[in-house]
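Please read the structure below before turning to the comments.
Per chain, numbering begins at 1; letters A, B, ... match sequence-line order. Since this is a predicted model, take the numbers as computed values, not measurements.
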Amino acid sequence: MKLMSKPKLEIKSVTKVFAGNKNRANVLALDQTNLTIMPNEFITILGPSGCGKSTLLRIVAGLEEQTTGDVFLDGQELFGPSSNRGMVFQAYSLFPWLTVEENIQFGLKTKEIGAGERKEIVRKYIELVQLEGFEKHYPRQLSGGMQQRVAIARALANDPEILLLDEPFGALDNQTRTLMQELLLEIWEKSHKTVLFITHDVEESIYLANRVVVMTSRPGRIKADIPIELEHPRPYSIKVEPKFLAYKEQLTELIREESLKAMMEIK
Amino acid sequence: MEKAAKTEEIVNHPAILSKQKLGSGTRKSRNWLQPQAAIPHRLYVGISISSIVLLFAVWSLLTYTGMVDPLFLPTPVEIVHSGITLFTEYGFINDIGITIYRVLAGFLIAVVIGLPLGILMGTFKVVEAFFEPMISAIRYMPASAFIPLFILWIGVGELEKITIIFVGSFFSLVLMVAVEVGNVRRELLEAAYTLGRSKLGVLRSVILPASLPGIMEILRLILGWAWSYIIVAELVASASGIGSLILESQRMLKTGNIIFGIATIGVLGLLSDIILKICIKKAFPWHYGR
Ligand SMILES: Nc1ncnc2c1ncn2[C@@H]1O[C@H](COP(=O)(O)OP(=O)(O)OP(=O)(O)O)[C@@H](O)[C@H]1O
Ligand SMILES: [Mg+2]
């Protein structure tokens, strides 16, 4: 069945060179990267620090321009950012002058949606990320985990074709991070959005994904593409099951090689 | 159930809360010299008041004992007397009015022109590249040095005073606003783009609201400077205003009037500052409030 459906997102031989200057050489951040994502897939990208994960995601979001190569969404070539690709940043991307509900509505304002319907959408997503009672709070009155939940709700409220997340839980403590992973998975199981999620946490990448894409150290290239065959829904206890641990061992080994390479290069 | 109710009572009971505050205050008060540590509010106010009392005590000691010639420094009571005669016999209130008018007129014109320009400079590099060199250069030329030139060009009327305030405020205002606007975090702009806003749309929906509290703080600072420019302008060539009164009083050796005039400016500047400060705090709860 999967073979018959069309890809949601196609990244075709994308290369990115950051131009240097007098004091700094050019940086080849991405080298001939190819990746195809099918509808409803949850892909995590795993890679050592500085390998170009963010760069790849920002190119998909349209916030960065690739040097060569193309990106297609539903067969359409992409140029620049648009609301069909929702983005969640690592931290502090909420609009501090807007309340929680105003933040979530921000993207809806540019669309032709009536006030009543808008209210309904906001209510739905507040409920989805479990923030009832915090509608009138400003971002600075929220904990880091709550802020990220608002950011996710804000991106989803726009009903994007694909949800892009760049280490969205990277700044959170371990307990909160675990809860957020469960919440995000729950949301995905309900909404079946296509998700592209970046992380450098091996456990996180397995727990969330149905495919883990491993990148090489700089210049970033796809090193491995590993389907995760764990059933849904996934309770957090799945993290200690033998199958999960086997994936963990395999991916840890892959990522270790790359991290070592990256370290050697710096020396 | 009962326990929960009790906790709520404790949380919402003002007396308990205030006691708790005092309690922690006294404990902390043992470390007055610990860097940046808070001290109890009452102690703070007490120290502040005692500093003012001390000032008046030293002043009284110097003047009433005759240690200092009254021509140099009159007693506090004499100063109050000069103040009263200034208001009752010399129409000092008109001088205050005209000085306030000049400051506000010059300042507001600077804001009306400088604010949009600063915002555009901070947002678009093309605008910045065009105006930056010019404005940066003029900014370091003190406004008071322009006074003779302005008198030559436009005479000694109101326009000249307002122009000096304008020049003193405008250039710094533009540059400071441009920096403030340029510092809006990139993530906020990028988030707005991925939420469907256009390149120009983010100017109104992100850049302006994000930088508004900072801009208001800049205006507050610059209004403070405007008070010192107006006195210079009025000292040089003016028949009215607080500055001209100070100069006249000097010619007539009325030290009390000079000091009262200076104090009046201090009070005016302080008042405008406090009013703006309160307005800013009230207007941006998301920035200052908890
Ligand atoms: N704007 C830029 N100008 C120049 N070089 C850049 C720029 N952005 C990224 N780079 C370089 O490109 C490489 C990839 O950066 P990127 O941020 O994509 O890495 P990453 O995989 O997201 O790392 P991390 O896990 O630390 O977030 C790095 O070597 C970085 O120094
Ligand atoms: Mg990154």
Side-chain angles (χ1 to χ4, degrees), chain A residues 54 57-58 60-64 78-100 102-113 136-142 147 150-166 168 171, chain B residues 4 7-8 11-12 115 119 122-125 129 177 179-220 276-290:
Chain A
S54 296
L57 198 76
R58 290 169 57 79
V60 174
L63 298 171
E64 201 90 63
L78 293 176
F79 301 98
S82 157
S83 61
N84 57 14
R85 283 150 286 149
M87 178 96 172
V88 178
F89 298 82
Q90 183 166 9
Y92 308 115
S93 70
L94 296 181
F95 304 114
W97 60 94
L98 299 179
T99 61
V100 167
E102 289 166 341
N103 262 286
I104 296 177
Q105 287 187 40
F106 188 88
L108 303 176
K109 292 249 166 92
T110 49
K111 299 183 173 175
E112 309 264 301
I113 298 177
K136 308 282 180 208
H137 281 58
Y138 287 107
R140 53 175 286 171
Q141 298 169 307
L142 304 176
Q147 291 184 17
V150 178
I152 292 171
R154 183 178 67 177
L156 285 174
N158 244 353
D159 199 21
E161 293 296 324
I162 185 168
L163 187 62
L164 312 169
L165 305 100
D166 190 353
Chain B
T7 321
E8 192 155 300
V11 169
N12 293 328
L115 209 50
I119 290 169
T123 310
F124 302 108
K125 287 287 166 200
V177 167
V179 169
E180 179 71 30
V181 168
N183 279 341
V184 170
R185 281 212 323 282
R186 204 183 58 176
E187 284 96 334
L188 296 185
L189 294 176
E190 293 182 337
Y193 292 141
T194 61
L195 292 166
R197 294 292 164 109
S198 65
K199 277 178 187 160
L200 285 180
V202 297
L203 184 59
R204 202 194 61 77
S205 60
V206 178
I207 293 182
L208 277 187
S211 53
L212 210 51
I215 288 178
M216 291 308 291
E217 288 293 340
I218 291 168
L219 296 191
R220 194 181 132 214
L276 264 183
K277 197 169 167 180
I278 292 173
C279 290
I280 293 171
K281 283 243 159 92
K282 281 253 148 64
F284 306 111
W286 57 270
H287 196 253
Y288 297 98
R290 238 278 100 173

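Under the 3.5 Å distance criterion, the side-chain polar atoms of A:Arg85 are left unmatched by any main-chain donor or acceptor of B:Thr194. Judged purely by atom type and a 3.5 angstrom limit, B:Arg185 uses its side chain to pair as donor or acceptor with the backbone of A:Tyr92.
Among A:Ser82, A:Gly86, A:Pro160, the residue with the largest count of heavy-atom pairs under 4.5 Å with chain B is A:Ser82. Residue with the most contacts toward chain B among A:Gly80, A:Ser83, A:Ser93: A:Ser83 (heavy-atom pairs, distance under 4.5 Å). Counting heavy-atom pairs closer than 4.5 Å to chain B, the top-ranked of the candidates A:Lys111, A:Met87, A:Gln90 is A:Met87. Ranking A:Ala151, A:Gly62, A:Ala155, A:Pro81 against chain B, the residue ahead of the rest is A:Pro81, based on heavy-atom pairs under 4.5 Å.
Contact annotation: the side chain of A:Pro96 approaches that of B:Leu188 to within less than 4.5 Å [non-hydrogen atoms, C-beta and beyond]. At a threshold of 4.5 Å between non-hydrogen side-chain atoms, the residues A:Trp97 and B:Leu208 do not count as touching. Put simply, the side chain of A:Phe106 reaches to within 4.5 Å of the side chain of B:Ser205, judged on heavy atoms.
Atom-to-atom distance recorded for A:Tyr138:OH and B:Phe284:CZ is 11.0 Å, nearest 0.5 angstrom.
Of the atoms belonging to A:Arg154, heavy atoms from both backbone and side chain fall under 4.5 Å from chain B. Neither the backbone nor the side chain of A:Leu98 comes within less than 4.5 Å of any heavy atom of chain B.
Heavy atoms of other residues, nucleotides or ligands lying less than 6.0 angstrom from NZ of B:Lys125 number 12 at most.
A pairwise comparison of heavy atoms in A:Phe95 and B:Ala191 identifies CZ-CB, 4.2 Å as the closest pair.
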